[in-house]
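Here's the structure, in structure tokens; my notes come after.
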Amino acid sequence: MSVSVTSSLGSAISLDIYPPQLLLEEDDSSLVILILQGVEIDKSEYSAIATELIRHQFWVIVPNCYPVRRDYLCPENTSAEKVMVRLQSSSSQLLKNALQRGVILLGHSAGGIAAFGALAVNSPELFTQLMAIVTYGSGALFNTSYISPLPPILMLSGNKDSVVPQQLSRSAFQRTPASAKTFIELTGLNHYSINDSEQPIGAPPEDNKADFLNQESVRFIACILKSFVQNVKSPQENWLSYLDEDIVSAIGYIESSWKD
């Protein structure tokens, strides 16, 4: 059973903290995944993907991010930095240790843009620990051409996404000057296949119905993300071949570049 702890940590940003499913004092390998949400999608809509990720021994942090002087949910360039600064004041030494081991930014839709935009902030609290950026259903990127080196990038897109069509995600991927990057199109998934609901309240409407239940889709996404992070830590050929057959069969297109 997953555990979610909501805390303001003395700031305007509320967040849910999901510890790894098996939280061990002697753990020296768990990493942190910070999820940046899509427009008007509450953090509670990412509880299913968080639950899947903690089964893979990640810490998962899901904040509600509001733009400065705005009253709607949408992360911006400084959101990741603000959350990281707040997490440094956590009373959990195990969480602090995981933060030091490494952070992965997972951005959904506008959250993907914010994840790349966070690179412009250049905060030591975040970027000394940033291992990778992962996006789902995200298109146009912040201009990162002047930032070097970029961390490894994984961009995921559902082929039934009508909010941010996969062609936009693929084009954004191809413009990204990262030396280690992978784009994966998932057959049968739509824009909200990463969420708990098929159509989160208040979010832009999705015209296409997904072929999979969201519970199954988040399992696909979590397993792919885990394999990607393992590959970042220890690069190997054909890292996707270690996935279950049903997940591999849902992969409709891959484009990848890994250079030394």
Side-chain angles (χ1 to χ4, degrees), residues 31 33-36 49 52-53 56 58 102-109 111-119 127 129-161 163-191 193-194 210-212 216-260:
L31 304 172
I33 295 179
L34 170 55
I35 298 179
L36 298 177
I49 186 69
E52 286 294 331
L53 289 168
H56 296 296
F58 292 107
V103 176
I104 298 96
L105 289 183
L106 169 57
H108 174 214
S109 195
I113 298 173
F116 280 95
L119 295 171
F127 295 104
Q129 301 128 323
L130 183 62
M131 287 186 61
I133 291 178
V134 180
T135 69
Y136 182 83
S138 188
L141 305 180
F142 180 84
N143 180 15
T144 55
S145 61
Y146 64 93
I147 300 174
S148 180
L150 286 172
I153 306 297
L154 171 64
M155 297 188 70
L156 303 173
S157 178
N159 78 324
K160 303 195 79 170
D161 190 333
V163 180
V164 182
Q166 62 87 14
Q167 296 91 335
L168 293 180
S169 292
R170 190 189 304 186
S171 176
F173 166 82
Q174 292 169 343
R175 297 195 308 271
T176 304
S179 60
K181 61 180 183 177
T182 299
F183 174 85
I184 295 177
E185 175 195 299
L186 292 165
T187 303
L189 275 62
N190 67 14
H191 195 66
S193 291
I194 194 173
D211 295 340
F212 299 94
E216 192 72 355
S217 298
V218 298
R219 182 176 68 86
F220 291 177
I221 295 167
C223 289
I224 292 172
L225 195 158
K226 177 196 175 186
S227 292
F228 173 75
V229 173
Q230 288 177 331
N231 191 54
V232 169
K233 295 168 65 176
S234 180
Q236 53 191 306
E237 292 186 21
N238 303 319
W239 56 274
L240 288 169
S241 64
Y242 296 95
L243 296 170
D244 291 344
E245 185 176 343
D246 61 334
I247 301 175
V248 174
S249 65
I251 297 175
Y253 176 83
I254 300 175
E255 187 172 340
S256 187
S257 173
W258 288 79
K259 302 175 183 178
D260 296 329

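Just so you know, these numbers use all the heavy atoms, side chains as well, and skip hydrogens, waters and symmetry mates. By convention here, the first residue in the shown sequence is residue 1.
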### Value rounded to 0.5 Å, distance of CZ in Phe228 from OG in Ser256
8.5 Å

### Query
Taking C-beta and beyond as the side chain, do Leu119 and Leu130 meet within less than 4.5 Å on heavy atoms?
yes

### Query
Looking at Leu240, Leu243, Ile224, which hits side chain to side chain contact (heavy atoms under 4.5 Å, CB included) with Val248?
Leu243

### Query
Between Phe183 and Gln174, is a side-chain contact (heavy atoms from CB on, under 4.5 Å) present by the stated rule, with each step listed?
CA-CA 9 Å; Phe183 174 85; Gln174 292 169 343; over 6 Å; no

### Summary
In this structure, OG1 of Thr135 is separated from CG of Leu36 (nearest 0.5 Å) by 11.0 Å

### Donor-acceptor contact below 3.5 Å, side chain His191 vs main chain Pro165
no

### Query
Among Arg170, Glu185, Met155, whose side chain to side chain contact (heavy atoms under 4.5 Å, CB included) with Glu255 holds?
Arg170

### Message
Between Ser171 (side chain only) and Leu168 (backbone N and O only), is there a donor and an acceptor less than 3.5 Å apart?
### Response
no

### Query
About how many Å separate CD1 of Ile35 and CG of Leu106, when rounded to the nearest 0.5 Å?
5.0 Å

### Task
Specify the closest pair of heavy atoms between Leu150 and Ala178, including all atoms of both residues, with the distance to one decimal.
CD1-N, 3.7 Å

#### Entry: Nearest-0.5 Å distance, OG1 of residue Thr176 to CD1 of residue Ile153
6.5 Å

### Message
Would you say CD of Gln236 has more than 12 non-hydrogen atoms from neighbouring residues, nucleotides or ligands within 6.0 angstrom?
### Response
yes

#### Entry: Lys226 charged N/C atom sitting above Phe58 aromatic ring, 6.0 Å / 45°
no

### Task
Calculate, to the nearest 0.5 Å, the distance between atoms OG1 and CD1 belonging to Thr187 and Ile251 respectively.
9.0 Å

#### Entry: Interatomic spacing from CG in Leu31 to CD in Gln230 - rounded to 0.5 Å
10.0 Å

### Task
Before giving the answer on side-chain contact (heavy atoms from CB on, under 4.5 Å), spell out for Leu225 and Ile33 the whole-Å C-alpha distance, their side-chain angles and the decisive distance to 0.1 Å.
CA-CA 10 Å; Leu225 195 158; Ile33 295 179; 3.6 Å; yes

### Query
Heavy-atom count around Tyr253 OH within 6.0 Å, excluding the residue itself: above 12?
yes

### Message
Parallel, tilted or perpendicular: which one describes the rings of Phe212 and Phe220, with boundaries at 30° and 60°?
### Response
perpendicular

### Query
Short question: side chain of Asp244, backbone of Ile247 - any donor-acceptor pair under 3.5 Å?
no

### Message
Strictly distance-based, threshold 3.5 Å: is any side-chain N or O of Lys160 a donor or acceptor partner for the main-chain N or O of Asp211?
### Response
no

### Query
Can you check whether Ile221 reaches His108 side chain to side chain, under 4.5 Å on heavy atoms?
no

### Message
Please determine whether side-chain contact (heavy atoms from CB on, under 4.5 Å) holds for the pair Val164 and Ser169, giving the CA-CA distance in whole Å, both sets of side-chain angles, and the decisive distance to 0.1 Å.
### Response
CA-CA 7 Å; Val164 182; Ser169 292; 3.9 Å; yes

### Task
Not counting sequence neighbours, which residues clear side-chain contact (heavy atoms from CB on, under 4.5 Å) with Ser193? List them please.
Tyr136, Leu189, Asn190, Ala210, Ser217

#### Entry: Check against side-chain contact (heavy atoms from CB on, under 4.5 Å), Cys223 and Glu52
CA-CA 8 Å; Cys223 289; Glu52 286 294 331; 5.7 Å; no

### Query
Which heavy atom in Ser138 sits nearest to a heavy atom in Ile113, and how many Å separate them?
OG-N, 3.5 Å

